[in-house]
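The next block holds one structure in the form of structure tokens; read it before the comments.
First listed ligand is number 1; within each ligand, the first listed atom is number 1.
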Amino acid sequence: MQKVDYIIKADYLLTMEGDLSVIRDGAVAVTGSTITDAGTFPDMSGKYTSDNVIDGKNSVVFPGLINTHTHAAMVYYRGLADDMPLQEWLEKHIWPNEMKWLTAEFVDDAVELASLEMLKAGITTYTDMYFFEDVAGKKLEKIGMRGVLGAGILDFPWKGVAECVDDYFRNAEALIALWKDNDLITACLAPHATYTCGPDNYKRANALAEKHNVPIHTHLAETRHEVAECLKRFGKTPVEYFESIGMLSGRLSAAHCVWLTDNEIELLAERNVGVSHCIESNLKLASGIAPVPKLLKAGVKVAFGTDGAASNNDLSILGEMSTAAKVHKAVSLDPTAVDSKTALLMATKNGADILGLGDKTGSIRPGKKADLVIASLDKPHLTPLYDIYSHITYCMRPGDIETVMVNGKIVIDKGKPTTLDETEVIARATAWRDKIQGS
Ligand SMILES: [Zn+2]
């Protein structure tokens with residue numbers, strides 16, 4: 001018998017590997033930060049022993065959910081400005097507030113609230129695009145959450161962040177050096193969008209990402225306004241423009257991709273670009289609906305992102321799955337579009353793949369890191385149960401998540417955080433609200 005650190009039992013185990021079949025009476029063995037084995041409990045109990053056996057009676061175990069696009073610290077602007085178009089929301093509300101409040105201290109505090117919300121909702125990894133990512137990364141290491149932290153890049157200076165464009169690149173290089181070979185944190189280049197970042201800075205960011213073998217993440221083809229501006233400035237639609245400046249590759253994950261021509265969909269597939277689908281943010285800002293069924297059919301890897309809480313307004317991938325699975329059916333008049341298995345695959349394995357973390361997380365397989373979620377099925381809204389994939393996509397809520405493990409450590413235990421004080425995190429957020437509101 002081999003001694004392991006944890007044996008996690010579950011009535012239902014979804015590994016998100018192979019044919020996506022459901023393992024009944026399943027178990028996962030974990031040693032250190034790594035998954036040792038996964039299979040049926042009778043098989044596993046014959047091979048492994050542990051002092052920590054988590055009894056997953058009436059529960060399901062699946063890989064940690066992956067949020068492939070957010071601006072975590074913007075959680076402090078949740079509900080600050082709603083019910084208006086993207087440009088007005090950004091230019092009249094978000095940017096003026098960021099000019100005033102965005103500091104290392106703001107990010108340090110806000111990241112706690114965002115991480116807590118995400119972990120409690122079963123999200124074990126998120127991709128960020130923001131500033132002070134060194135501060136965010138140090139906080140994430142303390143909390144024990146996985147992050148792909150994108151150093152924001154703009155064409156213009158930002159008070160307190162970058163006095164000139166070179167500063168953005170200096171920040172990015174420092175971030176890459178800081179998180180090199182880190183188990184939890186991956187540094188990333190995050191030029192903002194075609195309307196805030198010109199071709200020279202995109203090319204420079206791409207060259208830096210290639211040099212250091214790190215991912216690159218950006219907003220792309222989010223609104224019709226962006227497409228019109230791109231056509232005016234460069235004579236090309238956003239994805240074709242990206243092709244012309246050499247941006248399209250497997251290293252790139254692009255958030256939104258709402259307004260795409262058929263040719264652009266083909267380009268994304270050919271160049272192996274990952275798409276982060278942020279349906280709730282797109283719906284709320286009335287940006288439009290990304291052609292996800294077409295993208296999937298063309299072979300593009302599509303995953304989910306929440307975007308920032310200021311435009312969503314929550315940080316729940318379960319919410320994105322449910323919304324996307326329904327909206328795409330209605331829009332395409334096809335009830336098979338984004339079925340429940342596809343939705344969970346997008347939220348887990350596809351997410352890891354588009355971030356370059358496919359060997360580390362996104363599915364339950366020996367040798368991968370132990371990023372796992374245990375959700376209770378003992379709830380009225382999850383009863384009766386015929387199809388576990390259906391329940392996770394259409395009925396499950398963040399409150400059903402009981403236990404969350406990241407890198408082999410339990411960070412949410414029976415719904416409670418083990419590395420954060422929830423009362424303090426909420427009090428700090430409320431104190432910031434008072435300051436922002438009083439300004
Ligand atoms: Zn965004």
Sidechain-backbone polar pair: Thr306 side chain, Leu315 backbone, donor-acceptor under 3.5 Å: no
Arg251 (side chain) donor-acceptor with Val214 (main chain) under 3.5 angstrom: yes
Atoms of protein origin (N, O or S) under 2.8 Å from the Zn ion (ligand 1): His69 NE2, His71 NE2, His219 NE2, Asp307 OD1
Mind listing the side-chain donor-acceptor pairs of residues 132-139 below 3.5 Å, one per line with the distance, residues two or more places apart or on another chain?
| unit_1 | atom_1 | unit_2 | atom_2 | d |
| --- | --- | --- | --- | --- |
| Glu133 | OE2 | Tyr130 | N | 3.1 |
| Lys139 | NZ | Asp108 | O | 3.2 |
| Lys139 | NZ | Asp108 | OD1 | 3.2 |
| Lys139 | NZ | Glu112 | OE2 | 3.0 |

Under 3.5 Å donor-acceptor pairs involving side-chain atoms of residues 149-164, not counting sequence neighbours:
| unit_1 | atom_1 | unit_2 | atom_2 | d |
| --- | --- | --- | --- | --- |
| Asp155 | OD1 | Gly198 | N | 3.0 |
| Asp155 | OD1 | Asn201 | ND2 | 2.6 |
| Asp155 | OD2 | Gly198 | N | 2.7 |

Pairwise salt bridge (Lys or Arg N to Asp or Glu O under 4.0 Å) hits with a residue in residues 345-366, at least two apart: Glu17-Arg365, Lys301-Asp353
Glu402 side chain to Ser59 side chain, donor-acceptor N/O pair below 3.5 angstrom: no
